[in-house]
There are 2 protein chains.
Amino acid sequence: MDATIDEERLDALFTALGDRTRRDIVVRLSSGEATVKELAERYAMTMQAVSQHLRVLERSGLISRGRHRQTRPCRLEPEALAVAVSWIEESRRTWAERMDGLETRLAQLQEGDDR
Amino acid sequence: MDATIDEERLDALFTALGDRTRRDIVVRLSSGEATVKELAERYAMTMQAVSQHLRVLERSGLISRGRHRQTRPCRLEPEALAVAVSWIEESRRTWAERMDGLETRLAQLQEGDDR
DNA sequence: CCCGTACTCAAGCATCTGCTTTATCAAGCG
DNA sequence: CGCTTGATAAAGCAGATGCTTGAGTACGGG
């Protein structure tokens, strides 16, 4: 019954994806690791700003960070994306099931009357 | 070329899903339409607050609203969810392709050396 | 040891959010 | 018509967000 924890996770996940800079970082990282400096150059933004975006992404589980010399390279954690997809797919499945039911009933009634 | 428009759409979509009340409204609507009043009772919230959440959801394309007597029933638009999924899946696909490449190269090298 | 590089921490600031209260509106009932 | 019901509009407010600047911190080269 730790549903609340899942909700927090989903809050962090979707909130992280709700910003286009962070979404673009995700896309960028899907094709390989990157450092803070590289990302700052890419987005014409200070390293501080990028660092804050990365903190949001890290809290959401979408990325993780290592250490290599003076750099803190970050990499994508695609399992977090899978969590988001599975939440969405559950809603879509419920909806699809209901529509199947409606179609069936409509086919039975063959008519739209007292609605 | 209208990539900006898509980005705006994704901003609205993921931002809408970044709030647990709105996510729960999506889940609720996946099993049928609902009115503002019904949702307000469900979340122990004023109708005004629900109305604002619904506006966010509507702007994102996740729901649409009709009119029936004094009520404004809202229903889910699952195609918007599909947009979110397809964005996510593209990142995951890119990542998976890259990992395949890495695996292949690692198998060729048969060794982890100068790392 | 000093210096540059990569980065984080902290504070400030404008803007956005989520919610409230108050006021208003439109539809239908008596 | 007056009144209730379902809903929106507007304004206000505490708290979050996205960014900035300024001040550290940690690592490594010379």
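Residue numbers begin at 1 in each chain, while the letters A, B, ... track the order of the sequences.
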Note to self: Base, sugar-phosphate or nothing for B:Arg67? Non-hydrogen atoms, less than 4.0 Å.
What the structure shows: nothing

Checklist line | Residues A:Arg75, A:Leu29; criterion side-chain contact (heavy atoms from CB on, under 4.5 Å); working and verdict | finding: CA-CA 6 Å; A:Arg75 77 187 70 82; A:Leu29 294 183; 6.0 Å; no

Check: Rounded to the Å, how far apart are A:Glu33 CD and C:dA6 P?
Finding: 17 Å

Item checked: Whole angstrom value for the distance that separates P of D:dT4 from NZ of B:Lys37 -> 15 Å

Check: Among D:dT21, D:dG18, C:dT8, which nucleotide sits nearest the side chain of A:Thr46?
Finding: D:dT21

Check: Taking side chain as C-beta onward, heavy atoms only, is A:Arg42 less than 4.5 Å from A:Asp24?
Finding: yes

Next item on the list: Report the distance from atom OH of B:Tyr43 to atom C1' of C:dG18, rounded to the nearest whole Å.
Entry: 15 Å

Check: D:dA7 phosphate, OP1 or OP2: any side-chain N/O from B:Arg55 under 4.0 angstrom?
Finding: no

Next item on the list: For the side chain of A:Thr21, starting at C-beta, report the closest nucleotide among D:dC19, C:dC19, C:dG18.
Entry: D:dC19

Margin query: Between the side chains of B:Arg20 and A:Glu8, is the shortest nitrogen-to-carboxylate-oxygen separation below 4.0 Å, so that they form an ion pair?
Written below: no

Next item on the list: Go through C:dG28, D:dG6, D:dG28 for me and flag the one nearest to the B:Thr71 side chain.
Entry: D:dG6

Next item on the list: Identify which nucleotide among D:dT20, D:dG29, C:dC7 has an atom closest to any side-chain atom of A:Arg69, counting heavy atoms from C-beta outward.
Entry: D:dG29

Next item on the list: Establish, with yes or no, whether the OP1 or OP2 oxygen of C:dT8 is under 4.0 angstrom from a side-chain nitrogen or oxygen of A:Ser51.
Entry: yes

Checklist line | First of A:Gln52 and A:Gln70 reached from the 5' end of DNA chain C, by closest nucleotide | finding: A:Gln70

Checklist line | Nearest-Å distance for atom pair CG/P, residues A:Asp19 and D:dT17 | finding: 11 Å

Notebook entry, point to check: Should B:Arg65 be listed as having a side-chain N or O under 4.0 Å from OP1 or OP2 of D:dT8?
Noted result: yes

Margin query: Can you measure B:Phe14 atom CZ to C:dT17 atom P for me and round it to whole angstrom units?
Written below: 17 Å

Note to self: Taking only side-chain N and O atoms of A:Arg22, does any of them lie within less than 4.0 angstrom of OP1 or OP2 on D:dG18?
What the structure shows: yes

Margin query: Could you tell me how far apart A:Glu8 (CD) and D:dA16 (C1') are, to the nearest whole angstrom?
Written below: 16 Å

Next item on the list: Taking atom CD of B:Glu97 as the centre, report whether more than 12 heavy atoms of other residues, nucleotides or ligands fall under 6.0 Å from it.
Entry: yes

Check: Looking at C:dG18, does its base get a donor-acceptor pair with the side chain of B:Gln48 below 3.5 Å?
Finding: no

Margin query: Can you tell me if A:Arg72 touches the phosphate of C:dT8, counting only side-chain N or O atoms and a distance under 4.0 Å to OP1 or OP2?
Written below: yes

Check: In terms of the angle between their ring planes, are B:Trp87 and B:Phe14 parallel, tilted or perpendicular, with boundaries placed at 30° and 60°?
Finding: perpendicular

Check: Between A:Leu39 (CG) and D:dC19 (P), how many Å, whole number?
Finding: 13 Å

Item checked: Nucleotide D:dA26, atom P - distance to CE of A:Met47 in whole Å -> 16 Å

